[in-house]
Asker: 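Structure in structure tokens, see below.
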Amino acid sequence: MTRAKIAGIGYYVPEKVVTNQDLEKVMDTTDEWIQERTGITQRRYGNKYEETTATMGARAAEKAIERAGITKEDVDFIIFATLSPDYYFPGCGVLMQRELGITKTEIGALDIRNQCSGFIYGLSVADQFVRTGMYKNVLLVGAETHSYGLDFSTRGRNVTVIFGDGAGAVVLQPTESDQEGILTTNMHSDGTYAEKLAYINPGCHGGYHFEHNLNEEVDFGYPDVEYGGLFLTQHMMDHAQTFPNMEGQFVFKMAVQKFPEAIHEALQTAGLEKEDIDMFIPHQANLRISQFVQRQLGLKDEQVWNNIQRYGNTTAASIPIALSEAVEEGAVKEGDLVCLAAFGSGFTWGAALLRW
Ligand code: UT7
């Protein structure tokens, strides 16, 4: 039976390190608060004019492609997951294709918008394409440049201190061996709480969800004209409505419930037990969430890869960055059962099990 395996993996993080102490200088926060609630001590930020979500994705992709022992021209499908794309459209898939210098047009480039679960969703999609024999070298990238769009005033502190920039990439290839590759993936969604963690404006919602789903009157300052003017208004900018918002405690509670559910489902599907897991690589949402899930699974510290302390939450990039680091540092060995899981905005969540 054909399975997909990760044949090459790599990551890229920008050089600029921003510590909690750096953030203390621009907003009312403290290193103590951030570390206690999230475990984060520093994160990386991209450099404008030099780094974007697509270019960082390309840097990570170059490493993954090299390690897979292929060339850029061998890539036959691109999947790009991000919530902080360079442009509203077109997506980062084609921008990264250009950045990589891939001129071949026989390949497709698919953009995935599943936030923190973007990599798991992308892995699942890639897995299906490889299993069916459709593609032989799928390049899957998760990348984010959060720092360009966050609110650095005290008003935005609950969100801003958490997020960081970076990219991770994998190349997926077919394998006939039953000793390696992706064993199972699952994906879940529940739109009930879409606005609990969301970046709403600018957007083409026209106020609909506030009137109909949320029963909330929100003034977006729409102009009194027949057509247009709804995507971005001066009012939105003046009233700080153009930043991500999060009901942190609500998200936290859902996360600690859904992470274990998705993992247990994956184990059950694969006919395995939690004791079989060698390495758990959670989406780096918050160290406290990862520790909670670790306890639920009964895993030792050395069986969980946490790097949120150094990079913050890099959303779609966090799993491939963490997996890449774990592999580079020899913490994931051939034959290991690796468990990946994520939960985030949407809400969307999911898990994957793979034999390294
Ligand atoms: O990856 C995507 C999924 N996202 C997540 O999984 C995030 C899940 N949620 C969380 O990680 C946590 O909810 C946070 C770390 C975001 C926040 O921690 P919390 O313990 O839930 O804090 P809170 O939002 O309930 O705020 C508690 C207090 C408030 O002050 P008052 O009202 O008690 O006086 C906030 O204003 O902490 C204040 N606060 C801060 N203080 C200093 C919020 N952010 C900050 C800050 N620095 N950065």
Side-chain angles (χ1 to χ4, degrees), residues 18-43 81-84 112-121 142-147 149-166 168 188-190 193-199 240 243-263 281-294 296 306-309 311-322 340-351:
V18 176
T19 63
N20 293 346
Q21 288 79 6
D22 291 327
L23 294 180
E24 282 177 3
K25 292 176 198 145
V26 294
M27 62 179 74
D28 182 11
T29 190
T30 61
D31 174 47
E32 193 192 355
W33 190 97
I34 301 171
Q35 285 210 44
E36 192 187 306
R37 309 279 173 134
T38 70
I40 299 166
T41 63
Q42 61 182 53
R43 70 288 290 143
T82 186
L83 67 67
S84 49
I112 294 217
R113 297 192 45 169
N114 287 89
Q115 299 65 252
C116 303
S117 320
F119 187 79
I120 298 281
Y121 268 64
E144 305 287 356
T145 319
H146 290 299
S147 66
L150 295 169
D151 180 357
F152 284 90
S153 72
T154 295
R155 195 182 40 219
R157 65 185 179 174
N158 67 319
V159 175
T160 300
V161 300
I162 297 176
F163 292 100
D165 303 344
H188 294 275
S189 64
D190 180 356
Y193 308 111
E195 288 77 14
K196 298 279 187 198
L197 174 48
Y199 203 155
F243 295 111
N245 63 276
M246 172 167 71
E247 265 185 49
Q249 292 199 9
F250 189 84
V251 177
F252 195 104
K253 281 183 199 140
M254 292 295 282
V256 293
Q257 186 188 332
K258 297 301 177 190
F259 263 99
E261 275 179 24
I263 294 164
I281 314 254
H283 158 54
Q284 308 286 304
N286 179 327
L287 188 61
R288 308 299 161 226
I289 294 175
S290 300
Q291 288 167 335
F292 181 94
V293 181
Q294 174 184 346
Q296 287 238 324
N306 292 306
N307 62 11
I308 189 169
Q309 301 92 325
Y311 300 132
N313 177 340
T314 57
T315 312
S318 87
I319 291 179
I321 293 175
L340 315 176
F343 173 87
S345 162
F347 293 127
T348 62
W349 63 99

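All residue numbers refer to positions in the sequence shown, counting from 1. Every number for a ligand or one of its atoms is a count from 1 in the order of the listing.
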Asker: For atom 13 (O) of ligand 1, state which one of G156, S290, G248, G39 supplies the nearest heavy atom.
Answerer: G248
Asker: Are K258 and F343 in a cation-pi contact, defined as NZ or CZ under 6.0 Å from the six-membered ring centre and within 45° of the axis?
Answerer: no
Asker: In this structure, are over 12 heavy atoms from other groups packed under 6.0 Å from R113 atom CZ?
Answerer: no
Asker: My understanding is that we take every heavy atom of each candidate and find the minimum distance to atom 35 (C) of ligand 1. Doing that for M27, R157, E247, Q115, which one comes out nearest?
Answerer: R157
Asker: Which value, rounded to the nearest 0.5 Å, describes the distance between K196 atom NZ and Q249 atom CD?
Answerer: 11.5 Å
Asker: Counting only heavy atoms, tell me which of V251, I162, N20 gets closest to atom 4 (N) of ligand 1.
Answerer: V251
Asker: With respect to atom 6 (O) of ligand 1, which of I289, V161, N313, N286 exhibits the smallest heavy-atom separation?
Answerer: I289
Asker: Which atoms of ligand 1 have any heavy atom of M246 under 4.0 Å away?
Answerer: 4 (N), 7 (C), 16 (C)
Asker: Would you give the length of the straight line joining atom CG of N245 to atom OH of Y199, rounded to the nearest 0.5 angstrom?
Answerer: 10.5 Å
Asker: Side-chain contact test, heavy atoms from C-beta onward, threshold under 4.5 Å: evaluate it for E24 versus T19 and give yes or no.
Answerer: no
Asker: For atom 27 (C) of ligand 1, is the nearest protein heavy atom under 4.0 Å away?
Answerer: yes
Asker: For residues Q35 and N20, report the shortest heavy-atom separation together with the two atoms involved.
Answerer: CG-ND2, 3.7 Å
Asker: On a heavy-atom basis, I'd like to know which of W33, F259, F343 is closest to atom 45 (C) of ligand 1.
Answerer: W33
Asker: Going by the order shown, which atoms of ligand 1 are within less than 4.0 Å of some heavy atom of T38?
Answerer: 15 (C)
Asker: Would I34 count as a contact of ligand 1 if the rule is a heavy atom under 4.0 Å away?
Answerer: no
Asker: Measuring from non-hydrogen atoms of C116 to any atom of ligand 1, is the shortest distance under 4.0 Å?
Answerer: yes
Asker: Only heavy atoms of N158, strictly under 4.0 Å: list the atoms of ligand 1 that pass.
Answerer: 16 (C), 43 (C), 44 (N)
Asker: Is atom 21 (O) of ligand 1 less than 4.0 angstrom from some protein heavy atom?
Answerer: yes
Asker: If you count the atoms of ligand 1 from 1 in the order shown, which ones are under 4.0 Å from a heavy atom of A285?
Answerer: 1 (O), 6 (O)
Asker: Any chance the side chains of T82 and E144 put a donor and an acceptor closer than 3.5 Å?
Answerer: yes
Asker: Drop me the distance from D28's CG to W33's CH2, to the nearest 0.5 angstrom.
Answerer: 11.0 Å
Asker: Is the closest side-chain heavy-atom distance between I34 and R43 below 4.5 Å?
Answerer: yes
Asker: Decide whether S84 and H146 meet the rule of one side-chain donor and one side-chain acceptor closer than 3.5 Å.
Answerer: no
Asker: Considering both backbone and side-chain atoms of R37, is one of its nitrogen or oxygen atoms within less than 3.5 Å of a nitrogen or oxygen in ligand 1?
Answerer: yes
Asker: Which option wins on minimum heavy-atom distance to atom 23 (P) of ligand 1: Q249, E24, R288?
Answerer: Q249
Asker: Just to confirm my output: which protein heavy-atom neighbour is closest to atom 47 (N) of ligand 1, and how far is it?
Answerer: T29 OG1, 2.6 Å
Asker: Is the F347 ring parallel, tilted or perpendicular to the Y193 ring (thresholds 30°, 60°)?
Answerer: tilted
Asker: Tell me the contacting part of T160 for ligand 1: side chain, backbone, both, or neither, using a 4.0 Å heavy-atom threshold, strictly below.
Answerer: neither
